[in-house]
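A short worksheet on the structure shown next.
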Amino acid sequence: MGFLTGKTVIITGAGRAVLSDGKCGSIGYGIATAYAKEGANIVITGRNVKKLEDAKEELERLYGIKVLIVQADVNAGADNEAVVGEVVKQTMDTFGRIDVLINNAQASASGVPLADHTTDQFNLAMYSGLYAAFYYMKACYPYLKESQGSVINFASGAGLFGNFGQCSYAAAKEGIRGLSRVAATEWARDNINVNVVCPLAWTAQLEQFKNAYPDAYEKNVHIPPIGHLGDSELEIGRVCVQLASPDFKYMTGETLTLEGGLGLRP
């Protein structure tokens with residue numbers, strides 16, 4: 001039994017993706033695995049039902065926990081409050097509580113220079129990332145207040161360093177950082193932890209980016225001093241578990257950043 005037994009976590013974008021070598025290549029699924037090992041009830045969302053079903057089957061079989069899957073896609077053409085509201089409703093109907101919200105989902109047209117970016121491409125990143133975080137945080141707030149829970153949002157070095165070909169992705173991620181800082185200030189009185197993780201992990205998406213845009217990959221992706229790209233479960237996932245620990249209360253109103261495996265800093 002782990003220390004999160006009986007707790008409930010919502011993880012967006014947590015379908016199971018596979019690297020070319022057959023290993024799991026999804027940050028969301030790596031996080032879900034880390035939480036499953038601590039006994040948490042898990043709610044995973046995404047657009048691809050097959051990837052969600054694969055994740056559910058493996059997590060329940062290996063770790064004996066319960067996983068609720070909900071297909072959900074926040075986009076420019078959807079009634080997004082209704083989409084997110086349904087995820088929250090099903091979570092409460094199934095588990096009766098929300099202790100952790102992890103806004104991991106993000107789509108983008110990476111590799112496309114700013115001058116060539118279309119409005120649709122910009123909207124793809126903003127809605128799937130920034131707007132999704134906004135809607136999920138609003139919808140989960142009453143339940144996180146009750147559980148004195150945690151919000152963990154995902155930003156990126158793309159925004160911190162201005163990566164080539166990632167204008168919409170960087171804009172969405174910087175928006176998420178700003179949103180998180182405000183939430184950390186406003187929700188501290190409710191004992192809700194709000195933190196940001198900026199990961200650099202080897203994922204199926206990054207592998208695809210390298211194959212599709214090798215020049216952009218070489219310009220933007222650099223091995224950090226630790227000597228390797230992060231492992232989705234053992235490094236990124238375990239950081240997210242730590243941030244949800246009842247013993248972990250950082251400085252009120254601050255965010256935490258994990259930059260490329262370099263460690264935690266305020």
Side-chain angles (χ1 to χ4, degrees), residues 2-4 7-14 27-35 37-38 40 42-45 97-106 129-161 170 172-201 224 226 230-266:
F3 75 86
L4 292 174
K7 307 290 188 181
T8 301
V9 55
I10 296 175
I11 309 169
T12 69
I27 288 178
Y29 185 67
I31 296 169
T33 301
Y35 272 80
K37 288 182 176 180
E38 295 297 340
I42 298 172
V43 181
I44 55 175
T45 77
R97 61 184 297 141
I98 299 172
D99 299 276
V100 186
L101 168 65
I102 302 177
N103 285 303
N104 164 71
Q106 178 72 64
L130 177 57
Y131 274 96
F134 169 71
Y135 286 121
Y136 274 101
M137 289 169 72
K138 280 191 64 178
C140 290
Y141 169 71
Y143 309 108
L144 292 169
K145 181 178 179 179
E146 183 177 350
S147 65
Q148 298 187 1
S150 301
V151 177
I152 302 167
N153 290 333
F154 274 71
S156 172
L160 294 170
F161 308 120
K173 290 305 190 183
E174 286 299 274
I176 288 170
R177 286 212 304 144
L179 178 67
S180 302
R181 288 186 179 277
V182 171
T185 299
E186 294 181 351
W187 294 356
R189 71 190 68 181
D190 300 314
N191 290 315
I192 299 173
N193 246 13
V194 182
N195 290 290
V196 172
V197 177
C198 296
L200 183 56
I226 199 171
D231 182 283
S232 294
E233 178 206 338
L234 299 179
E235 291 166 323
I236 311 305
R238 294 309 302 179
V239 165
C240 291
V241 166
Q242 179 190 10
L243 293 176
S245 167
D247 298 324
F248 185 88
K249 289 294 180 182
Y250 207 67
M251 295 175 62
T252 300
E254 293 290 333
T255 61
L256 283 176
T257 304
L258 177 69
E259 297 179 3
L262 297 177
L264 293 172
R265 66 167 180 81

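Atom set for the values below is all heavy atoms of this structure, side chains included, hydrogens, waters and symmetry mates excluded.
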Side-chain contact, heavy-atom cut-off 4.5 Å: Thr8 with Tyr143? no

Taking atom CG of Leu160 and atom CD of Glu174, what is their separation to the nearest 0.5 Å? 5.5 Å

Taking all non-hydrogen atoms of both residues, which atom of Ser156 and which atom of Lys173 are closest, and how far apart? CB-CG, 3.7 Å

Has Tyr135 got more than 12 heavy atoms of other residues, nucleotides or ligands less than 6.0 Å from its OH? yes

Nearest 0.5 Å, please: how far is SG in Cys240 from CD1 in Ile11? 8.0 Å

With side-chain contact (heavy atoms from CB on, under 4.5 Å) as the criterion, how do Ile102 and Phe154 come out once you've worked through the C-alpha distance, each side chain's angles and the decisive distance to 0.1 Å? CA-CA 8 Å; Ile102 302 177; Phe154 274 71; 3.8 Å; yes

Exercise: identify the closest heavy-atom pair between Gln106 and Ala172: OE1-CB, 4.0 Å

Thr33 OG1 to Leu234 CG distance, which is reported to the nearest 0.5 Å: 9.5 Å

Minimal heavy-atom distance between Ala158 and Ala170, with the atoms involved, is O-CB, 3.5 Å

So how far is it from Ile152 CD1 to Leu243 CG, rounded to the nearest 0.5 Å? 4.5 Å

Using every non-hydrogen atom in the two residues, find where Ile44 and Ala32 come nearest and quote the distance to one decimal. CG2-CB, 4.5 Å

Return the minimal non-hydrogen interatomic distance between Gly175 and Leu130, and the atom names on each side. C-CD1, 3.5 Å

Apply side-chain contact (heavy atoms from CB on, under 4.5 Å) to the pair Ile176 and Asn103, showing each step before the final yes or no. CA-CA 9 Å; Ile176 288 170; Asn103 285 303; over 6 Å; no

For Asn104 versus Thr12, what's the shortest heavy-atom pair and its separation? N-OG1, 2.9 Å

How far apart are the C-alpha atoms of Ser232 and Tyr29, what are their side-chain angles, what is the distance that settles it, and do they pass the side-chain contact (heavy atoms from CB on, under 4.5 Å) test? CA-CA 8 Å; Ser232 294; Tyr29 185 67; over 6 Å; no

When you measure from the side chain of Asp99 to the backbone of Gly149, do you find a donor-acceptor pair of N or O atoms at a distance under 3.5 Å? no

Between the CZ atom in Arg238 and the CD atom in Glu38, the distance rounded to the nearest 0.5 Å is 4.5 Å

Spacing of Ile10 atom CD1 and Thr45 atom OG1 [to the nearest 0.5 Å]: 8.5 Å

Checking Phe3 against Val241 for the side-chain contact (heavy atoms from CB on, under 4.5 Å) test, could you report, in this order, the C-alpha distance in whole Å, the side-chain angles of both residues, the deciding distance, and whether it holds? CA-CA 10 Å; Phe3 75 86; Val241 166; 3.6 Å; yes

